[in-house]
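Working notes, beginning with the structure itself.
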Amino acid sequence: MTPTAKPVLVLFDVDETLVHTGGSGARSWKAAFDKLYGVPADIGAHTSAGETDPEVARATFKGVLDRDPSDDELMALYAAYLLALADDIVNSPGYKVLPGAEQTLVHLGQAGVMLGIVSGAMEGAARTKLIPANLNRFFLFGAYGSDSADRAELTGLAIAKATRMHPHLAPSQVFVVGDTPRDIEAAHAEGAVSVGVASGHFSVDDLAAARPDHVLASLSERFPGL
């Protein structure tokens, strides 16, 4: 078997890959809908794991209010959500850093690997979710659900951003780490190396069915290429 080459860039998802927020995101969407429309919306009833924040907002809005939101309504909803999240996340009783996450980031950085975020969350939300764990300090840049509602496209945007710092970067030198089949599919769509981590709602077997290049039970395992 040919050894896996060390990556030049590793892009990490946030929710259920690096941290578990203890339901902070869902509570914050609920609070935002309640504040603006008097309806305590449950995003879990209208969305599935791995969807981007714009997808979550639109699907939940339509499911709860039975119509599509206007652009102005979405902007107001996003603002209310981010404010609610900033208040909720610091006191979320179930918040935790997932096993091996910080150690993996440290080891990759020490190995000279560039680190970025690729998250379906809006930039403000993704960064807020990392604050209690103090993990923002590891990441040079990122691409987010606020850049594109399409996970494959935002993965491509992250790679394009990285080429501004590393002009000769090839997609095959990029590892994309996530806990859902959507993360794996997005990596494949952009020609990157996919690393599935069974730290969220999907098991090792579930992720293996999406045919990742690598699959880990958790980030406590040796990272591919290190």
Side-chain angles (χ1 to χ4, degrees), residues 12-99 101 117-136 142-155 178-183 185-186 197-203 206-207:
F12 282 89
D13 177 45
V14 173
D15 287 289
E16 305 303 335
T17 298
L18 295 173
V19 299
H20 172 71
T21 68
S24 188
R27 288 193 299 272
S28 300
W29 281 117
K30 181 178 180 180
F33 274 98
D34 197 18
K35 178 180 179 179
L36 296 177
Y37 300 101
V39 179
D42 176 12
I43 64 169
H46 307 285
T47 62
S48 59
E51 293 187 17
T52 62
D53 275 356
E55 290 175 319
V56 169
R58 288 181 180 278
T60 305
F61 192 104
K62 187 165 186 176
V64 170
L65 299 174
D66 200 30
R67 63 180 177 84
D68 291 320
S70 68
D71 290 341
D72 286 348
E73 286 174 322
L74 277 178
M75 295 309 108
L77 183 61
Y78 293 156
Y81 166 65
L82 290 175
L83 290 175
L85 182 65
D87 289 336
D88 187 279
I89 197 81
V90 294
N91 297 309
S92 180
Y95 186 98
K96 63 181 179 181
V97 182
L98 291 168
I117 294 170
V118 60
S119 171
M122 291 178 286
E123 181 173 0
R127 290 292 189 174
T128 296
K129 290 175 180 180
L130 295 177
I131 287 173
N134 195 26
L135 295 184
N136 279 308
Y144 308 89
S146 42
D147 294 313
S148 173
D150 181 87
R151 187 171 284 273
E153 183 177 25
L154 69 89
T155 301
D179 65 290
T180 77
R182 291 174 186 263
D183 300 304
E185 292 162 4
V197 184
S199 48
H201 303 293
F202 295 89
S203 68
D206 292 334
L207 296 176

**Prompt:** At their closest point, which heavy atom of Val64 faces which heavy atom of Ala41, and how far apart are they?
**Reply:** CG2-CB, 3.6 Å
**Item:** Result of checking Val19, Thr21, Leu130 against Ile89 for side-chain contact (heavy atoms from CB on, under 4.5 Å)
**Value:** Thr21
**Request:** Give the minimum heavy-atom separation between Gly124 and Leu82, together with the two atoms involved.
**Result:** C-CD2, 3.8 Å
**Asked** Which pair of non-hydrogen atoms, one from Asp13 and one from Thr17, has the smallest distance, and what is that distance?
**Response** OD2-OG1, 3.1 Å
**Prompt:** Sequence neighbours excluded, which residues qualify as side chain to side chain contact (heavy atoms under 4.5 Å, CB included) partners of Ala186?
**Reply:** Arg151, Ala152, Thr155
**Asked** Nearest 0.5 Å, what's the CZ-CG distance between Arg58 and Leu74?
**Response** 4.5 Å
**Prompt:** Which distance, rounded to the nearest 0.5 Å, do you find between the CD of Glu153 and the OG1 of Thr52?
**Reply:** 10.5 Å
**Request:** Sorted by first residue and then second, give each salt bridge (Lys or Arg N to Asp or Glu O under 4.0 Å) pair with at least one member in residues 69-91; sequence neighbours left out.
**Result:** Arg27-Asp88, Arg67-Glu73
**Asked** Pairs in or reaching into residues 76-96: which pass ring-ring contact (aromatic ring centres under 6.0 Å, His included), with residues at least two apart or in two chains?
**Response** Trp29-Tyr81
**Message:** Could you go through Leu65 and Val39, starting from their C-alpha distance and side-chain angles, then the distance that decides it, and tell me whether this counts as side chain to side chain contact (heavy atoms under 4.5 Å, CB included)?
**Reply:** CA-CA 9 Å; Leu65 299 174; Val39 179; 4.3 Å; yes
**Item:** Distance (rounded to the nearest 0.5 Å) between Lys129 NZ and Leu135 CG
**Value:** 13.5 Å
**Message:** Could you measure the distance from the CG atom of Leu77 to the CZ atom of Phe33? Nearest 0.5 Å is fine.
**Reply:** 4.5 Å
**Item:** Side chains of Asp179 and Ser199, donor plus acceptor under 3.5 Å
**Value:** no
**Item:** Closest contact, heavy atoms only, Gly120 versus Pro54
**Value:** O-CD, 4.2 Å
**Message:** Within this structure, what is the OG1-CG distance for the pair Thr128 and Leu85, rounded to the nearest 0.5 Å?
**Reply:** 5.5 Å
**Asked** Are Tyr144 and Arg127 side-chain neighbours, meaning at least one heavy-atom pair lies under 4.5 Å?
**Response** yes
**Request:** Give the minimum heavy-atom separation between Ser203 and Ala198, together with the two atoms involved.
**Result:** C-CB, 3.7 Å
**Fill in**
For Ala101 and Leu18 the tightest heavy-atom approach is CB-O, 3.7 Å
**Request:** Given side chain to side chain contact (heavy atoms under 4.5 Å, CB included), test Asp53 with Ser146 step by step and report yes or no.
**Result:** CA-CA 8 Å; Asp53 275 356; Ser146 42; over 6 Å; no
**Request:** Please round to the nearest 0.5 Å and tell me the distance separating atom OG1 of Thr180 and atom CG of Asp206.
**Result:** 11.0 Å
